[in-house]
Number of protein chains: 2
Amino acid sequence: MTDDSQSKGPPRPATLKDIARALKVDVSTVSKVLSGGGISVRSETRQAIIDEAHRLNYRAHASARNLRTRRTGAMGILLPNLMNPVYASIVRGAVRRAEETGYVMLVADVEDEASTTSVYLRLVSERRVDGLIIAVSARSKEIISVIEDNPIPHVFVNRRASIGRSVTVDDQAAGYLAAKTLVEAGHTRLGFIGDSDDLDTAQRRRAGFLRGCIEAGLPPFLDVVGPYSRKGGYESALKLLDAPERPTGVFASNLLVGIGALAAMRVRKVRVPEDISIITLDAEDAIYASPPLTAIATSLLEMGARAVDEVDAILHGREPQDVVIESPPRLIMRESLGPPPKPPKPSRPSK
Amino acid sequence: MTDDSQSKGPPRPATLKDIARALKVDVSTVSKVLSGGGISVRSETRQAIIDEAHRLNYRAHASARNLRTRRTGAMGILLPNLMNPVYASIVRGAVRRAEETGYVMLVADVEDEASTTSVYLRLVSERRVDGLIIAVSARSKEIISVIEDNPIPHVFVNRRASIGRSVTVDDQAAGYLAAKTLVEAGHTRLGFIGDSDDLDTAQRRRAGFLRGCIEAGLPPFLDVVGPYSRKGGYESALKLLDAPERPTGVFASNLLVGIGALAAMRVRKVRVPEDISIITLDAEDAIYASPPLTAIATSLLEMGARAVDEVDAILHGREPQDVVIESPPRLIMRESLGPPPKPPKPSRPSK
DNA sequence: CCGAATTAGTCAATCGATTGCTTAGCCACA
DNA sequence: TGTGGCTAAGCAATCGATTGACTAATTCGG
């Protein structure tokens, strides 16, 4: 006299017991058919169980399963700012891959070291996730020791860290490609807007850029340091413009920095690309900037997706590796890059 | 002979049993002290339990607790695209408020109707979350019936829906303020870039804009419809520019649309704001556009946060309400708004 | 000084799924 | 006929926390 025919979905999701009762078999049999496997069951019984499970739209209660098996089917990602398009891309890549792989993704937008630590501890000690993707820098001794004392499978993404593996794009190659592109357009006085060497991505981009300059036999480029933000890029660009030997070609080694730099040019009435050329990084949508920004695009979505794969690999016992995304940075030619301006002092006038 | 002094964190997180064993009390006592409450305990015992819990860094196993109490301490949010800054803001507001409120947030970036349905069903029938925030439009019959058949506490955010409550900003007021601002700057031929009326936000913005125009005694504005995306804005703006009576002031009723429209102006060599004025929506960072965009800012972060509050309220048995965020849309004056151009016909020449 | 009330806990079932251990029946083989 | 080996499935413990029912010891009122 169960009236949950198919007229209306049951208000309470079905359990193993429901299926077992309906078929007059033991719940353990149902469980073994639906997930375990290591049991011999008559094919009629098996089929009946599968059919009934389907009919009731059965899905295992995640917590119950987790309690027994110690696997949650969840991953977490820790990042500093969802409104930064770089992180938004990484997270999107991760969230989608997680779904494909059968995980759910728990996102935490952490502000500072204290909240990073507390969120980390919470996720780990409440056993909410099987593994973590960490997109905040773990420079501080404190965070590192918290991770070491409360270990959980994890990878860093877009960051290298002394502890655990990492997934990054080839930042060196991006820097190199930027330099090469500027050189090929005829520029000889180059500028680089980066962040402090504390930030390992900035450091690698700078190193790649430097390599490009050296290969071209150019003198040292003008290296300006500021935070990877719109404001940081704006202010860094002003410094470049005020430098005694103003560069004619600039690599803004981060998307936000590129946008900020462009704004600075406009305010100073420096025309792009007539007076100065700009290349930025990761600007899929900078086609809508004014002028559209020439960019070195890296695979941020893929980086996020790959981070999920690596955590999954660790969980399956495979040896984790430091991954550098294979698809190389690629040049997206738009309008902010042009030849260097003609007039300004052939090669240094008198002095 | 327990050697987990405090030299190294225990590799396995502590359980109630660990605390109970150390203090020679029953786990139920520990449980009642740490969470329940309905029990009388000597204050020494109580303190000893609390101290020991602290020392072991005890946190309840989320799944175990959930299995018993049927509360997960998790919420989920369904949204169509994390790389859209509007959604990124909403999610950020939600994620942060969730953390403040003691929830973890499960994020799903769903592509289409099919994945929306499957993710929804998964979260609900695996009992992964206590409630859901839905930021995708639930126009289709199919999604609505899935929600009805598998109910869970939920609110829609930035969307109204026939089923359940919603949290929105005052889109009407935003539209109205945009119109009023353009009128006060002297514009009389207005344009509106929206999306189809299927999208309830677009519809309300349009209605508010219309009200502003009517109050000012203006003739009907030029209404262009296209998707809320950069590309959509770009193409819509071209239509406006090609209209027989080109408007002098335009409201781009979405951030991406505003950015796309600005790009269109540049390509057509229409100067902003000399030849045409633009107001856009929600452009916190459009200060870095060229020119910086005048915008009507609404409280997206707050909307996300409030959605969490509303779900929490439902979970606490309070009657849910349709919420319109109190803090009103506000004008951010930047450079894309100016007076209408002088030359073109004082007020309509002959007629 | 006795019964009742209070204090300070303990006991045991439960949430839903998993899994190692048994078992009942059946057939084959020597 | 006894032994072994299958097959098909049931039994019961377990994961960790919660909670209603229960009890032993003390205190109190009359």
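Order of the sequence lines fixes the chain letters, A, B, ..., with proteins taken first and strands second; residue numbering starts at 1 for each chain.
The CG-C1' distance, from L23(A) to dA9(D), rounds to 13 Å in whole Å. The CG-P distance, from D26(A) to dA13(D), rounds to 13 Å in whole Å. Taking atom CD1 on I39(B) and atom C1' on dT23(D), their separation rounds to 13 Å, with Å as the unit. Between the NZ atom of K32(B) and the P atom of dT19(D) there is a distance of 9 Å, rounded to whole Å. Between R70(B) atom CZ and dA17(C) atom P there is a gap of 10 Å when expressed in whole angstrom units. Atom pair N66(B):CG and dA17(D):C1' shows a separation of 11 Å (rounding to whole Å applied). Atom pair L67(B):CG and dT14(D):P shows a separation of 17 Å (rounding to whole Å applied). Nucleotide dC15(D) holds its P atom 19 Å from the CG atom of L16(A), rounded to whole Å.
Residue V25(B) is in sugar-phosphate contact alone, with no base atom involved, counting any heavy-atom pair closer than 4.0 Å across all strands shown. Using a 4.0 Å heavy-atom distance criterion, T69(B) is classed as a sugar-phosphate-only contact. Counting non-hydrogen atoms under 4.0 angstrom, S63(A) reaches nothing in the nucleic acid.
When the side-chain nitrogen and oxygen atoms of S31(B) are compared with OP1 and OP2 of dG16(D), none of them lie within a distance under 4.0 Å. Contact between the side-chain N/O atoms of Y58(B) and the OP1/OP2 oxygens of dG16(D) is not found at any separation under 4.0 Å.
Between T201(B) and R159(B) the shortest side-chain heavy-atom distance falls below 4.5 Å. Residues E326(A) and R306(A) meet the side-chain proximity criterion, which asks for heavy atoms closer than 4.5 Å. Using a 4.5 Å heavy-atom threshold, the side chains of R59(B) and L121(A) count as touching.
In terms of position on DNA chain C, the residue among S43(B) and V27(B) whose nearest nucleotide sits closer to the 5' end is S43(B). Nearest-nucleotide mapping onto DNA chain C: of L34(A) and V41(B), the residue sitting toward the 5' end is V41(B). Ranked by how close their nearest DNA chain D nucleotide is to the 5' end, R42(A) and R127(A) are led by R42(A).
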Report task. Evaluate side chain to side chain donor-acceptor pair (under 3.5 Å) for R139(A) paired with S137(A), printing each intermediate quantity in order. Result -> CA-CA 6 Å; R139(A) 263 170 283 169; S137(A) 53; 3.1 Å; yes
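No donor-acceptor contact under 3.5 Å links the side chain of T29(A) to the base of dA9(D). Checked by distance alone, S28(A) brings a side-chain donor or acceptor within 3.5 Å of a matching partner on the base of dC11(D).
Side chain of N84(A) to main chain of N81(A): no donor-acceptor pair is present (N/O by atom type, distance under 3.5 Å, no hydrogens or angles).
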